Amino acid sequence: MGALRPWARYGLLAVAHLLALGLGATVLQALEGPPALRLQANLRAELATFQAEFGACLPAGALEELLGTALVAQAHGVSSLGNGSEARNWDLPSALLFTASLLTTTGFGHMAPLSAGGKAFCVAYTALGLPASLALVAALRHYLVPLLSRPGAWVATRWQLPPPRAALLQAVALGLLVVGVFVLLPALVLWGVQGDCSLLEAIYFCFSSLSTIGLGDLLPGRGSGLHPVLYHLCQLALLGYLLLGLLAMLLTVETFSELPQVRAMVKFFGSSGPVNAEDEGAILGQDELALSTMPPSAAAPAQAPAC
């Protein structure tokens, strides 16, 4: 495969990506199609039962009109169900969570602007806020990556591990730490607090949030009849979880992207030309970063005694 031209490699990668998309769609269609049909049949049966029992008291089409209005409001995060703990969707904690979902590109979909001014402001705010968020993440990454590299450098020096194996060990350890602290532990807390979701659903929510998928079908505290103060505390806790968890996830992805195995795969699909000055400068910068995180005894090799 090394003899393939770059355009052939890119074509192979695109075909593999399309095959993965088709496989995912086929599996989801097989898994989710039957439950969706059963839910639709149950809904139609409930509607028919309601109309048979109370249809004489309602004008024709009144129920469908009421349900349509409720569904449109629900799509924008507005609902009158429950004990009123979520009646004010645009109070300060809710607005903070919504802006965080914009700047982190999570987009839970639990709320949406209703006014034209709100939609225009979201466009301008996101267009200006996303670059600022990326700059902040880049600055934090530049500061945190050397700190996270020190334990791996110490282990490599202590156990005399080759650099590729030490880098792989460090990436795996960081990945397990992030999964435990930002996925499994919050999922256990959510499972115990929410009450109406399973452990699998809690893990599903944590992973979809940290991967910025944000499907919005599950939100902590929403629809559980919590007191308004507790509900707002859940929103603020989710805000902090998003900011810290996404930073940890990005640092983990950055660590894995610097592995020699990953870089070799990227190089296979990249240009096979000679290394230019920019690439050489990047390589030297990474070497300097690696040396700066090593202990002095490991960074400075021992000189041979003079004869």
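On a predicted model such as this, the values are computed, not experimentally measured, just so you know.
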(request) Rounded to the nearest 0.5 Å, what's the gap from CG on L190 to CD on E201? Could you check? (result) 9.5 Å

(message) Could you go through L18 and L21, starting from their C-alpha distance and side-chain angles, then the distance that decides it, and tell me whether this counts as side chain to side chain contact (heavy atoms under 4.5 Å, CB included)?
(response) CA-CA 5 Å; L18 292 176; L21 287 176; 4.3 Å; yes

(message) Would you say V181 ends up clustered with L247 if hydrophobic residues are merged whenever their side chains have heavy atoms under 4.5 Å apart, either directly or through other cluster members?
(response) yes

(request) Give, for atom CG of L246 and atom OG of S133, the distance between the pair rounded to the nearest 0.5 Å. (result) 10.5 Å

(request) Kindly work out whether a path of hydrophobic side-chain contacts (I/L/V/M/F/W/Y, heavy atoms less than 4.5 Å apart) joins F207 to L200. (result) no

(message) Is any side-chain heavy atom of V253 closer than 4.5 Å to one of F256?
(response) no

(message) So which atom in C206 and which in Y241 form the shortest heavy-atom distance, rounded to 0.1 Å?
(response) CB-OH, 3.3 Å

(request) Answer yes or no: is there a side-chain heavy-atom contact under 4.5 Å between T104 and L243? (result) yes

(message) Using only atom types and a distance under 3.5 Å, with no angle test, would you say the side chain of E258 pairs donor to acceptor with the backbone of T255?
(response) no

(request) Give the intermediate values and the outcome of side chain to side chain contact (heavy atoms under 4.5 Å, CB included) for residues L97 and L242. (result) CA-CA 9 Å; L97 180 59; L242 273 180; 4.2 Å; yes

(request) Enter the distance from S209:OG to F182:CZ here, rounded to the nearest 0.5 Å. (result) 13.0 Å

(message) Could you check whether any side-chain heavy atom of S257 comes within less than 4.5 Å of a side-chain heavy atom of E254, counting everything from C-beta outward?
(response) yes

(request) Could you tell me whether a side-chain N or O of T99 sits under 3.5 Å from a main-chain N or O of L96, the two making a donor and an acceptor? (result) yes

(message) As an exercise, state the distance from CD of Q170 to CG of L259, rounded to the nearest 0.5 Å.
(response) 9.0 Å

(message) Are there over 12 heavy-atom neighbours, none belonging to Q261, within less than 6.0 Å of that residue's CD?
(response) yes

(request) Determine, using the 4.5 Å side-chain heavy-atom cutoff (strictly less than), whether V183 and L250 are members of one ILVMFWY cluster. (result) no

(request) Establish whether L130 and L136 are linked, either directly or via other cluster members, by ILVMFWY side-chain heavy-atom contacts under 4.5 Å. (result) no

(message) Is the shortest side-chain heavy-atom distance between L102 and C122 below 4.5 Å?
(response) yes

(message) Are the side chains of L147 and L144 in contact, using a 4.5 Å heavy-atom criterion?
(response) yes

(message) Please determine whether side chain to side chain contact (heavy atoms under 4.5 Å, CB included) holds for the pair Y125 and L103, giving the CA-CA distance in whole Å, both sets of side-chain angles, and the decisive distance to 0.1 Å.
(response) CA-CA 9 Å; Y125 181 79; L103 297 184; 3.6 Å; yes

(message) Counting C-beta onward and ignoring hydrogens, is there a side-chain heavy-atom pair between C197 and Y204 closer than 4.5 Å?
(response) no

(message) Could you tell me if the side chain of F205 sits less than 4.5 Å from the side chain of L238, heavy atoms only?
(response) yes

(request) Calculate, to the nearest 0.5 Å, the distance between atoms CG and CG belonging to L210 and L244 respectively. (result) 10.5 Å

(request) Please answer: with hydrophobic residues joined when any side-chain heavy atoms are less than 4.5 Å apart, are V178 and Y143 in the same cluster? (result) yes

(request) Grab the two heavy atoms, one from A248 and one from T252, that are nearest each other, plus how far apart they are. (result) O-OG1, 2.8 Å

(message) I need the L251 CG to L177 CG distance, nearest 0.5 Å.
(response) 11.0 Å

(request) Indicate yes or no: at least one non-hydrogen side-chain atom of P113 is less than 4.5 angstrom from one of F121. (result) no

(request) Walk me through it: do L19 and L23 pass the test side chain to side chain contact (heavy atoms under 4.5 Å, CB included)? (result) CA-CA 6 Å; L19 290 177; L23 177 61; over 6 Å; no

